[in-house]
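Contents: one structure, followed by commentary.
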Amino acid sequence: MKLLILPGDGIGPEIVASALEVLNAADAKFKLGFKYTTEDVGFASLKKHGTTLREEVLQGARAFDGVILGTQSHADYPAPEKGGRNISAAFRVGLDLYANVRPARTRPYLPSNLREGKSMDLVMMREATEGFYPDRNMARGWGEMMPSPDMAISVRKITRHCSERIARRAFELAMTRRRKVTAIHKANSFHMTDGLFLEAVRHVAKDFPEVTLDDLLVDASTAYLVRTPERFDVMVAENFYGDILSDLASELSGSLGLAGSVMAGDELCCAQAQHGSAPDIESQDKANPVSMILSVSMLLRWLGDKRRHSALGAAADSIDGAVEAALSNPGTRTADLGGHLGTKAFTEIVVRAIA
């Protein structure tokens with residue numbers, strides 16, 4: 001199988017390198033036969049090619065079995081007309097990677113930001129191709145405009161098609177977990193757009209009678225995440241709500257650096273760490289690679305389910321187990337978790353555990 005490797009900005013190249021070392025160990029153990037092709041994106045691509053993402057790299061990704069995408073400093077990119085293309089958004093819209101899957105869970109051996117005695121084990125299923133984001137809700141043009149210097153308008157797009165398919169992925173996932181889906185919305189204010197989203201989720205729910213469906217207003221859901229996080233299993237939300245709530249959930253569970261993430265479509269999946277590019281610790285061997293490693297594990301699991309290839313699932317289990325073993329030991333944690341290991345040393349521990 002062929003994987004496209006896009007190291008990205010900031011700590012991206014370091015944590016992608018760590019994830020590849022771990023993947024190579026799993027490849028050797030389970031004989032998966034991966035082959036890699038690496039391309040520049042982000043500032044490296046901007047310097048060489050005048051754009052943070054070349055169209056041929058984006059379209060070429062279709063020929064691969066999966067993609068590993070490093071972190072991006074897109075807030076620091078120049079304007080789109082000057083080559084500053086949002087890489088994640090381009091992949092989500094251009095390749096229809098509509099499901100941004102973001103798990104968040106506490107671990108009994110690591111501190112969390114929840115109240116004492118509280119725990120969390122949930123997955124956010126976030127629709128990623130439409131919503132309030134102005135770069136992905138117009139066929140042509142931009143979803144924001146300024147009729148005057150003192151007035152700005154933003155357009156939101158919600159479709160039945162995108163709402164139903166993300167809902168279906170959420171219910172399918174819930175069938176493998178605790179069989180509960182919570183739909184996040186603000187239909188009391190956004191009667192048409194969130195109303196349509198909620199209607200679509202309820203329609204899909206009829207095909208999954210074994211799964212319990214409830215719904216929460218987005219503002220109420222933030223309070224429940226803090227107060228009773230154990231009530232959530234799979235949360236499904238449109239783009240904007242899912243983006244905010246998944247970051248909140250991950251931080252409450254312990255850290256954004258401890259949660260994997262994938263952008264998945266029907267034919268392609270991309271592993272991407274949940275956190276940002278952290279340029280302040282770039283090239284200092286301080287980055288925690290756990291999120292990127294677990295994202296690659298999620299990619300393997302997606303490929304295993306898609307290809308019906310049990311060895312890929314076994315490799316994902318092996319990676320997850322090695323990471324958990326390292327995290328459970330205070331002596332084999334990175335500095336951000338109170339340990340003393342750098343990026344490379346932590347990676348070596350995980351690789352040895354797999355081998």
Side-chain angles (χ1 to χ4, degrees), residues 8-9 41-43 45-46 49-59 61 69 71-100 102 124-167 183-201 217-219 221-222 236-248 261 263 265 270 272 274 276-277:
D9 304 310
V41 293
F43 281 117
S45 177
L46 184 67
H49 306 289
T51 177
T52 53
L53 177 64
R54 289 171 289 152
E55 187 63 21
E56 57 263 35
V57 172
L58 176 64
Q59 297 305 325
L69 175 60
T71 54
Q72 302 122 64
S73 301
H74 60 78
D76 299 321
Y77 290 168
E81 60 271 18
K82 296 182 179 179
R85 196 173 183 187
N86 185 322
I87 302 163
S88 295
F91 268 80
R92 289 165 182 166
V93 177
L95 302 179
D96 202 25
L97 305 184
Y98 60 87
N100 189 197
R102 293 182 164 186
M124 172 59 74
M125 189 68 72
R126 169 195 174 198
E127 204 293 319
T129 61
E130 58 180 21
F132 256 131
Y133 290 75
D135 59 353
R136 64 197 80 172
N137 61 14
M138 292 286 183
R140 296 180 64 184
W142 194 255
E144 284 190 317
M145 60 208 79
M146 290 190 73
S148 77
D150 301 312
M151 178 189 299
I153 298 174
S154 184
V155 177
R156 185 190 199 202
K157 181 183 75 174
I158 299 292
T159 64
R160 188 180 302 276
H161 168 68
C162 290
S163 298
E164 286 190 352
R165 66 179 181 177
I166 196 65
I184 306 301
H185 63 94
K186 189 68 174 173
N188 60 329
S189 297
F190 295 98
H191 305 291
M192 296 183 187
T193 48
D194 274 1
L196 177 59
F197 174 80
L198 193 55
E199 178 185 319
V201 174
L217 297 175
V218 62
D219 43 347
S221 69
T222 62
V236 62
E238 60 84 53
N239 208 342
F240 191 50
Y241 303 155
D243 194 3
I244 295 170
L245 291 177
S246 59
D247 276 11
L248 173 61
S261 173
M263 304 183 294
C270 174
Q272 180 184 30
Q274 280 203 32
S277 60

Residues two or more places apart in sequence or in another chain: which of them pass side chain to side chain contact (heavy atoms under 4.5 Å, CB included) with [X]?
| X | value |
| --- | --- |
| Asn100 | Arg92, Arg102, Arg126, Ala128, Ser261, Met263 |
| Pro80 | none |
| His191 | none |
| Leu95 | Leu58, Ala61, Arg62, Phe91, Leu97, Leu268 |

For [X], what residues pass the side-chain hydrogen bond (donor to acceptor under 3.5 Å, both in side chains) criterion, not counting sequence neighbours?
| X | answer |
| --- | --- |
| Asp96 | Arg165 |
| Ser277 | Ser73 |
| Thr193 | Arg156 |

Where [X] and [Y] come nearest, the two heavy atoms and their spacing:
| X | Y | answer |
| --- | --- | --- |
| Gly84 | Thr52 | C-OG1, 3.7 Å |
| Ile158 | Gly131 | CD1-CA, 4.3 Å |
| Gly143 | Asn137 | CA-OD1, 3.3 Å |
| Gly242 | Ala237 | N-CB, 3.8 Å |
| Gln274 | Ser246 | OE1-O, 4.1 Å |
| Leu69 | Cys270 | CB-SG, 3.6 Å |

Is there a donor-acceptor pair under 3.5 Å between the side chain of [X] and the backbone N or O of [Y]?
| X | Y | answer |
| --- | --- | --- |
| Ser221 | Val218 | yes |
| Asn239 | Glu130 | yes |
| Glu127 | Cys162 | no |
| Ser45 | Gly42 | no |

Stepwise side chain to side chain contact (heavy atoms under 4.5 Å, CB included) check, Phe43 with Leu46: CA-CA 5 Å; Phe43 281 117; Leu46 184 67; 3.9 Å; yes

ring-ring contact (aromatic ring centres under 6.0 Å, His included) involving Tyr98 - partner list, sequence neighbours excluded: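 Testing Tyr98 for ring-ring contact (aromatic ring centres under 6.0 Å, His included), a comparison that skips the adjacent residues, returns none.
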
Tyr133: partners by ring-ring contact (aromatic ring centres under 6.0 Å, His included), with sequence neighbours left out: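 Partners of Tyr133 under the ring-ring contact (aromatic ring centres under 6.0 Å, His included) test: none.
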
CE/Met146: more than 12 non-hydrogen atoms of other groups inside 6.0 Å: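 Enclosed.
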
Salt bridge (Lys or Arg N to Asp or Glu O under 4.0 Å) against Lys157, all qualifying residues, sequence neighbours excluded: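 Per chain and number, Lys157 pairs via salt bridge (Lys or Arg N to Asp or Glu O under 4.0 Å) with no residue.
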
Qualifying residues under salt bridge (Lys or Arg N to Asp or Glu O under 4.0 Å), relative to Glu56, sequence neighbours excluded: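 With sequence neighbours excluded, Glu56 shows a salt bridge (Lys or Arg N to Asp or Glu O under 4.0 Å) to Arg54, given in chain and number order.
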
Rounded distance (nearest 0.5 Å) linking atom [atom1] of [X] with atom [atom2] of [Y]:
| X | Y | atom1 | atom2 | result |
| --- | --- | --- | --- | --- |
| Tyr241 | Phe197 | OH | CZ | 9.5 Å |
| Arg85 | Thr51 | CZ | OG1 | 6.5 Å |
| Asn188 | Leu217 | CG | CG | 4.5 Å |
| Lys186 | Leu198 | NZ | CG | 13.5 Å |
| Thr129 | His161 | OG1 | NE2 | 7.5 Å |
| Leu196 | Thr159 | CG | OG1 | 7.5 Å |

Test item: His74 and Ile87 side chains (from C-beta on) under 4.5 Å apart, heavy atoms: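 No. Closest side-chain heavy atoms not under 4.5 Å.
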
Pair up each side-chain donor or acceptor in residues 147-155 with any protein partner under 3.5 Å, not counting sequence neighbours, and list the distances.
residue : atom : partner : partner atom : Å
Ser148  : OG   : Asp150  : N            : 3.3
Ser148  : OG   : Met151  : N            : 3.4

Worked check of side chain to side chain contact (heavy atoms under 4.5 Å, CB included) between Gln72 and Ser88: CA-CA 8 Å; Gln72 302 122 64; Ser88 295; 2.8 Å; yes

